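Computed from a predicted structure; not experimentally measured. In the text below, chain A, chain B and the rest are named by the order of the sequence lines, each starting its count at 1.
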2 protein chains.
Amino acid sequence: MDNTETYYTNQTSHSIQNLLSFGLSIDCVVFGYHNGEVKVLLIERDIEPFKGSWALIGDLVSPSVDLASAASEVLSNLTGLKNIFLEQFTTFGSIDRHPAGRVITVGYYSLVKSTAQKPLASSWAKSSKWFNINNLPNLAFDHQDILGKGLETLKRGVRYRPVGFELLPHKFTLLQLQDLYEAILGCTFDKPNFRKKILGMDLLVPLNEVESNVSHRPAKLFQFDRERYLHLQEEGFVFDI
Amino acid sequence: MDNTETYYTNQTSHSIQNLLSFGLSIDCVVFGYHNGEVKVLLIERDIEPFKGSWALIGDLVSPSVDLASAASEVLSNLTGLKNIFLEQFTTFGSIDRHPAGRVITVGYYSLVKSTAQKPLASSWAKSSKWFNINNLPNLAFDHQDILGKGLETLKRGVRYRPVGFELLPHKFTLLQLQDLYEAILGCTFDKPNFRKKILGMDLLVPLNEVESNVSHRPAKLFQFDRERYLHLQEEGFVFDI
DNA sequence: TCAAAAGTGTTCCGAATACACCCATGC
DNA sequence: GCATGGGTGTATTCGGAACACTTTTGA
């Protein structure tokens with residue numbers, strides 16, 4: 001890796017230092033859902049810069065690991081969360097976005113099935129907390145922008161792909177599903193029509209189970225059938241709410 | 001930028017070298033359209049590695065310029081193209097994607113109004129050429145993947161946002177527009193219905209001009225009204241073909 | 001007058017909407 | 001019984017698909 005200069009002769013100033021002078025980090029917007037509220041997991045920084053500020057789940061990346069693995073590792077190191085939905089959206093590269101130097105960050109977003117447990121395993125963070133997306137604190141770095149873009153991505157994604165189920169327990173009622181969509185998209189749906197539409201897709205498996213401990217008629221529980229979705233998708237079906 | 005170590009104490013091996021050992025590049029999938037064919041602009045590499053191979057419009061990025069500016073510069077340096085549609089899609093970060101070391105690349109795609117002119121201004125490339133997207137040569141690096149992802153992004157984008165117009169001349173006929181959509185999406189549309197739908201959106205301004213030199217009834221020319229689109233968008237209108 | 005493409009109108013069908021209504025459970 | 005949410009059925013409306021048709025030009 002000595003004379004990378006020769007690989008790109010049209011740029012005049014590609015010394016080795018220039019070629020190698022980027023830091024790379026990953027910032028992950030972790031979304032959760034509980035009691036009708038869409039939430040984001042943030043950590044409180046216990047170190048400078050932005051000590052005491054809230055921030056996204058993020059860290060620098062080691063050059064020895066590829067991007068997708070790095071994202072999983074960051075998430076698992078800082079929260080203990082593994083094997084959950086994790087997808088790249090946008091890369092942020094303003095010159096001054098990190099006070100320590102030029103750091104590019106790749107934005108990921110993640111969807112968690114339950115916000116009940118405290119997901120922090122071990123980290124340099126003082127604490128972690130779920131925040132309602134409509135009531136966020138000030139964030140470190142440019143994390144406000146990143147979170148905003150991530151939320152946009154979620155809103156778009158949830159309409160055309162069956163990713164909403166990643167935020168619900170495996171077994172859920174149709175009303176829970178509808179409430180989730182209403183919370184994310186900020187609108188309301190007609191209950192009978194929502195049922196017809198979602199059941200008509202033939203993607204939900206009705207279970208022989210109902211809610212319990214509710215002071216009204218208990219609702220049937222359903223489960224998302226991923227195999228079925230993949231099969232339908234191959235035939236040209238497109239999920240659309 | 002001496003002791004970045006202290007900023008991220010949960011990672012054990014963040015020496016300065018590790019923090020700073022990423023190369024950053026931009027690869028841009030430049031799309032064009034001509035005579036019913038969707039095309040991609042490629043350059044023939046005149047230097048190692050992959051000398052003689054075709055590659056996307058791409059180059060290393062200097063740490064002193066931000067990501068969006070870098071993308072414009074790469075495009076303009078290698079093709080002379082300026083002020084055209086340019087948008088980020090995905091970032092690629094496999095460990096071994098560049099033989100010279102760890103280089104992350106941010107994928108952009110660009111839409112060009114005419115593939116008629118030879119867009120190469122000056123570069124380290126032997127030549128440049130427009131290739132039909134259905135008849136591509138072998139590509140350098142992981143550019144096959146990047147191009148594929150870029151094409152996916154274009155297909156999705158063209159359906160829900162009025163970006164198709166970026167590939168047509170300012171004045172165009174409805175059939176040209178329809179042919180463009182059919183070429184990109186790989187399907188056919190019913191002519192009367194396509195007209196009704198697109199005109200019903202109220203986004204096209206009919207000009208007092210017609211085609212010339214055609215051996216049939218000349219078609220009216222239209223123009224895309226961007227102001228109108230932005231206005232409608234604010235009212236909640238979503239472009240959809 | 002013919003070919004070729006521009007451009008219009010009309011019917012039909014299915015999906016989305018808007019509601020009205022009944023059902024099961026806890027208190 | 002009654003409050004609460006679960007669950008079903010139906011009439012209406014709207015947009016898209018299919019397709020038949022007329023118009024205008026060059027050769």
Integer-rounded Å distance: C/dG9 C1' and B/D190 CG = 13 Å

Touch class at under 4.0 angstrom, heavy-atom based, for A/K220 against every strand present | sugar-phosphate

Minimum-distance nucleotide to B/K196 side chain [options: D/dG9, C/dT10, C/dG7] | C/dT10

Which sits closer to the 5' end of DNA chain D, A/S215 or A/P192, going by the nucleotide each is nearest to?
-> A/S215

Can you figure out which of D/dG5, C/dC19, C/dA16 approaches the side chain of A/R217 most closely?
-> D/dG5

B/I241 CD1 to D/dG16 P, straight-line distance once rounded to whole Å = 10 Å

Parallel, tilted or perpendicular: which describes the rings of B/F189 and B/F194, with under 30° parallel and over 60° perpendicular?
-> tilted

Using whole Å, report how far CZ of A/F194 lies from P of C/dA16.
-> 13 Å

Give a yes/no answer on whether the side chain of B/R195 brings an N or O atom under 4.0 Å of OP1 or OP2 in C/dT8.
-> yes

Which whole-number value in Å describes the distance from A/L177 CG to D/dG5 P?
-> 18 Å

Could you check B/V112 against B/F85 for side-chain contact (heavy atoms from CB on, under 4.5 Å), going step by step and ending with a plain yes or no?
-> CA-CA 7 Å; B/V112 178; B/F85 179 95; over 6 Å; no

Taking all heavy atoms of B/K149 and all of B/T153, pick out the closest pair and write down the distance.
-> O-OG1, 2.8 Å

Compare the minimum distances between each of D/dA17, C/dA24, D/dT10 and the side chain of B/N193, then state the nucleotide with the smallest one.
-> D/dA17

Select base, sugar-phosphate, or nothing to describe what A/L175 touches, counting heavy atoms under 4.0 Å on all strands.
-> sugar-phosphate

Between C1' of C/dA6 and CD of B/E211, the distance in whole Å = 9 Å

Would you indicate, yes or no, if D/dG16 has its OP1 or OP2 atom less than 4.0 angstrom from a side-chain nitrogen or oxygen of B/K197?
-> yes

So which nucleotide from C/dA4, C/dC19, D/dT8 ends up closest to the side chain of B/H216?
-> C/dA4

Residue among A/L174, A/L203, A/L207 satisfying side chain to side chain contact (heavy atoms under 4.5 Å, CB included) with A/F222 | A/L174

Round to a whole Å and report the spacing from CG of B/D179 to P of C/dA5.
-> 10 Å

In whole angstrom, what separates A/N213's CG from D/dT4's C1'?
-> 16 Å

Between atom CG in B/L174 and atom C1' in C/dA6, what is the gap in whole Å?
-> 10 Å

Assert yes or no for the condition that the ring centre distance of A/F172 to A/F165 is strictly below 6.0 Å.
-> yes

